[in-house]
Protein chains: 2
Amino acid sequence: MEKHESRRAKMTKRLLHEALMELMQEKPFKQITIKELCERADLNRTTFYLHYADQQSVLDDIEREVKEQTLAYIQNVNPSAKAVDLIEAFLHYIQKNEVLFRTLLCNNNGDDFQVELIQYILEGIRTNLPNYGDPTTERYVHTFLMHGSVHIIIDWIEAGFDLPAREVAKLCFRLCDSVRTM
Amino acid sequence: MEKHESRRAKMTKRLLHEALMELMQEKPFKQITIKELCERADLNRTTFYLHYADQQSVLDDIEREVKEQTLAYIQNVNPSAKAVDLIEAFLHYIQKNEVLFRTLLCNNNGDDFQVELIQYILEGIRTNLPNYGDPTTERYVHTFLMHGSVHIIIDWIEAGFDLPAREVAKLCFRLCDSVRTM
DNA sequence: CATTTTATCGACAGCATGTTGATATTACAA
DNA sequence: TTGTAATATCAACATGCTGTCGATAAAATG
């Protein structure tokens with residue numbers, strides 16, 4: 001009775017995850033009701049409450065999984081690779097899971113997943129940041145670089161990958177570098 | 001009968017605006033109900049539906065007003081001022097209306113007001129952007145600079161204005177400039 | 001097979017929603 | 001000032017989603 005709590009339960013959660021992702025491609029997250037989510041997942045509404053409190057909890061769960069899987073993917077890349085190569089690997093991973101990332105990143109669901117994910121990834125990659133002596137200035141520069149990079153990636157997804165991943169990775173790298181040597 | 005549709009109506013809308021801003025300082029926008037909003041504004045719920053369809057419409061109205069007023073303020077600054085001075089004027093305006101901007105900018109209400117406002121303002125100010133020949137690259141650089149600047153400003157508000165407005169303006173300007181000469 | 005977990009079902013009260021019709025109040029204009 | 005149109009109020013109603021309950025059925029484990 002250690003793991004069999006997770007035989008059917010995992011399947012149920014998976015059904016809810018898939019149903020939510022489907023619905024999020026059809027309408028804004030705020031408009032999705034629990035009732036509707038259960039109908040799509042073909043589950044009784046009572047069952048929902050055995051696993052989640054509300055829609056946001058389901059989304060949180062999905063986002064947590066995606067973060068973990070993405071980081072795992074990046075870490076499997078040759079760890080001696082340069083920063084720009086790691087960014088490129090990240091972008092390739094996004095391309096391979098286009099619908100997933102488009103759904104999660106390319107609209108404002110009211111949470112901070114956009115920044116959280118990419119910050120999570122980019123901070124693992126983090127190249128040396130500029131050192132201005134003043135920690136306040138450094139904090140602002142860091143904010144600037146992070147959010148700038150985040151939105152390049154989001155725009156890239158929204159534009160249907162109109163540049164090769166390598167070009168985007170190089171551009172991000174150059175932009176951050178130009179600030180470092182400012 | 002041309003403008004008297006707006007004598008009491010304007011007041012009603014103003015009450016709703018104020019009530020919403022109050023509530024948004026107390027809880028996330030998503031949790032605010034129409035019923036609650038009307039109670040706070042001391043208005044009958046039926047009256048609400050004479051003016052707005054839902055909470056988001058009220059917020060849209062507020063955001064539109066703030067955009068207009070902010071732009072008007074910026075445009076009253078000496079138009080021969082340098083870009084960095086216009087940015088500084090913008091930041092001073094934010095400081096003078098701290099609660100307002102903190103409420104509207106410093107949480108994810110699920111709309112795109114953050115970017116819209118600041119992009120709206122900064123594009124009026126727009127200093128020459130780098131010219132790379134390639135319009136796609138230019139678009140990405142523009143995205144990078146805009147969102148980077150937006151979030152410096154948001155962080156600055158959240159940090160309780162821990163730098164003088166002039167310093168933040170200069171920092172934004174320098175960061176954008178370092179990219180232009182990249 | 002027996003036990004525990006998980007899923008289903010029907011039902012329920014609670015609450016916010018959006019609308020309606022009747023009525024009162026307000027603002028403006030003649 | 002008074003009449004008229006616009007607004008605001010009020011009570012009421014049907015509707016839909018919510019969260020919870022108890023009882024039951026199905027499924028997984030050992």
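Just so we're on the same page: letters track the sequence lines, and every chain starts at 1. Just so it is clear, the model here is predicted, and its values are computed rather than measured. Side chains are part of it too, since the values below use all heavy atoms of this structure and drop only hydrogens, waters and symmetry mates.
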**OP:** Taking only the side-chain nitrogens and oxygens of B:H51, find out if one of them lies under 4.0 Å from OP1 or OP2 of D:dT7.
**Re:** no
Original post:
Would you say the side-chain atoms of B:D60 and B:S57 include a donor-acceptor pair closer than 3.5 Å?
Top reply: no
**OP:** Starting from C1' on C:dT6, measure out to NZ on A:K13 and report it in whole angstrom.
**Re:** 13 Å
**OP:** Give the rounded distance in Å between these two atoms: CG of A:L43 and C1' of C:dC9.
**Re:** 14 Å
Subject >> Rounded distance in Å - CD (A:E39) to P (D:dG16) >> reply: 12 Å
Original post:
Reading nucleotides 10-16 of chain C from the 5' end, what letters show protein touch, with B for base, S for backbone sugar-phosphate only, - for no heavy atom under 4.0 Å?
Top reply: B-----S
Original post:
Expressed in angstrom and rounded to an integer, what is the separation of A:L50 atom CG from D:dG22 atom P?
Top reply: 14 Å
Subject >> Stepwise ring-ring contact (aromatic ring centres under 6.0 Å, His included) test for B:Y140 and A:W156 >> reply: CA-CA 8 Å; B:Y140 281 117; A:W156 179 63; 8.1 Å; no
**OP:** For B:Y52 and C:dG18, give me the distance from atom OH to atom C1', rounded to whole Å.
**Re:** 18 Å
**OP:** State yes or no: are the ring centers of A:F90 and A:Y73 separated by less than 6.0 Å?
**Re:** no
Original post:
Does B:E138 offer a backbone N or O that forms a donor-acceptor pair with the side chain of B:H142 under 3.5 Å?
Top reply: no
Original post:
What's the CG-P distance between B:D42 and D:dA8, to the nearest Å?
Top reply: 13 Å
Subject >> Linked, directly or transitively: A:V168 and A:Y93 (ILVMFWY side chains, under 4.5 Å) >> reply: yes
**OP:** For A:R8 and C:dT4, give me the distance from atom CZ to atom C1', rounded to whole Å.
**Re:** 11 Å
Original post:
Whole-Å distance between C:dT17 P and A:Q31 CD?
Top reply: 14 Å
Original post:
Does B:Q69 reach the main-chain N or O of B:V66 with its side chain, forming a donor-acceptor pair under 3.5 Å?
Top reply: no
